[in-house]
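Below is one structure, written out as C-alpha cells, with a few remarks after it.
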Amino acid sequence: MADRVRISPRHRRMLTVLLRKHLSDTEVWAYGSRVNGRAHDGSDLDLVLRGPGLEEIPSERLMDLEDAIRESTIPFLVEARDWARVPGRFRQEIEREHVVFVTVPACGG
C-alpha cells in the first residue's frame, strides 16, 4: 500500500497528480529506501513506471514527467525509471520489495 512510502501526504498527492496527468495509463511502483524504512528526509524517491502491456513508454512522455516533477515544489529527487528499460536482475530486486504507488484507473463506468 502507498501508505508505506515515506513521504508526506501533501507530496504524495502532488506526485500522484503529476503522474496521472502525464502517464494516466501507467502503474507506478515505489521501491528503495523510502519503502524499506532506511530513508532520511533527503533521500530520493525511487519509482518504476509500468506502462500498458509493460511496453516502453515513449521518451517524450518520460521527459515531460521529469520536467513537471523538477518544476514542482517536491523537495526531494524523484528517480522514475521505465520498467521496460530496467535490466532483468534489477527488476527482480524491485519485485521483491515494492509498493504500488499509483494504480491505473479502471476503464468504463
Side-chain angles (χ1 to χ4, degrees):
M1 178 169 221
D3 291 353
R4 284 189 35 216
V5 180
R6 188 171 174 250
I7 63 174
S8 72
R10 175 177 167 247
H11 294 132
R12 180 178 294 126
R13 282 189 304 274
M14 290 171 62
L15 192 51
T16 299
V17 166
L18 292 174
L19 288 161
R20 291 217 168 144
K21 177 180 179 183
H22 292 279
L23 298 169
S24 62
D25 57 353
T26 301
E27 182 176 67
V28 181
W29 289 1
Y31 65 96
S33 64
R34 287 193 181 258
V35 171
N36 65 27
R38 293 188 286 266
H40 52 80
D41 289 340
S43 293
D44 66 346
L45 173 61
D46 296 303
L47 301 176
V48 66
L49 312 169
R50 296 167 48 92
L54 301 180
E55 297 293 325
E56 279 191 16
I57 298 167
S59 297
E60 304 79 36
R61 292 178 69 198
L62 293 173
M63 288 187 295
D64 289 346
L65 173 64
E66 290 171 4
D67 288 344
I69 292 170
R70 197 171 23 259
E71 293 170 4
S72 75
T73 58
I74 295 170
F76 48 83
L77 181 65
V78 177
E79 292 283 339
R81 293 173 176 81
D82 183 356
W83 180 260
R85 294 178 173 100
V86 172
R89 183 175 283 161
F90 192 33
R91 286 183 186 180
Q92 292 172 351
E93 289 180 35
I94 295 169
E95 287 174 327
R96 272 196 299 273
E97 192 169 23
H98 72 275
V99 171
V100 177
F101 190 77
V102 175
T103 57
V104 178
C107 295

Answer whether the closest heavy-atom distance between the side chains of [X] and [Y] falls below 4.5 Å.
{"X": "Met14", "Y": "Leu18", "result": "no"}
{"X": "Arg34", "Y": "Asp46", "result": "no"}
{"X": "Ile74", "Y": "Ile7", "result": "no"}
{"X": "Val28", "Y": "Leu15", "result": "no"}
{"X": "Leu49", "Y": "Leu62", "result": "yes"}
{"X": "Arg10", "Y": "Thr73", "result": "yes"}

Nearest-0.5 Å distance that lies between atom [atom1] in [X] and atom [atom2] in [Y]:
{"X": "Ile94", "Y": "Arg81", "atom1": "CD1", "atom2": "CZ", "answer": "7.5 Å"}
{"X": "Trp83", "Y": "Thr26", "atom1": "CH2", "atom2": "OG1", "answer": "14.0 Å"}
{"X": "Leu65", "Y": "Arg70", "atom1": "CG", "atom2": "CZ", "answer": "10.0 Å"}
{"X": "Glu79", "Y": "Asp44", "atom1": "CD", "atom2": "CG", "answer": "5.5 Å"}
{"X": "Glu71", "Y": "Glu66", "atom1": "CD", "atom2": "CD", "answer": "12.0 Å"}
{"X": "Arg91", "Y": "Arg50", "atom1": "CZ", "atom2": "CZ", "answer": "8.5 Å"}

Expected output: side-chain [X] to main-chain [Y] donor-acceptor under 3.5 Å:
{"X": "Arg4", "Y": "Val99", "answer": "no"}
{"X": "Asp25", "Y": "Pro52", "answer": "no"}
{"X": "Arg6", "Y": "Arg38", "answer": "no"}

What are the two closest non-hydrogen atoms of [X] and [Y], and how far apart are they?
{"X": "Val5", "Y": "Ala30", "result": "CG2-CB, 3.8 Å"}
{"X": "His11", "Y": "Ser8", "result": "ND1-OG, 2.8 Å"}
{"X": "Ile69", "Y": "Ser72", "result": "O-OG, 2.6 Å"}

How far apart are the C-alpha atoms of Arg12 and Phe101, what are their side-chain angles, what is the distance that settles it, and do they pass the side-chain contact (heavy atoms from CB on, under 4.5 Å) test?
CA-CA 9 Å; Arg12 180 178 294 126; Phe101 190 77; 3.9 Å; yes

Taking it one step at a time, do Asp64 and Arg61 satisfy salt bridge (charged side-chain N to carboxylate O under 4.0 Å, His left out)? CA-CA 5 Å; Asp64 289 346; Arg61 292 178 69 198; over 6 Å; no

Hydrophobic clusters here meaning ILVMFWY residues chained together by side-chain heavy-atom distances under 4.5 Å, can you tell me if [X] and [Y] are in one?
{"X": "Val35", "Y": "Phe76", "value": "yes"}
{"X": "Val100", "Y": "Val86", "value": "yes"}
{"X": "Phe90", "Y": "Val48", "value": "yes"}

*Should the pair Trp29 and His98 be assigned to parallel (<30°), tilted (30 to 60°) or perpendicular (>60°) ring geometry?*
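Rings of Trp29 and His98: parallel, as their planes differ by under 30°.
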
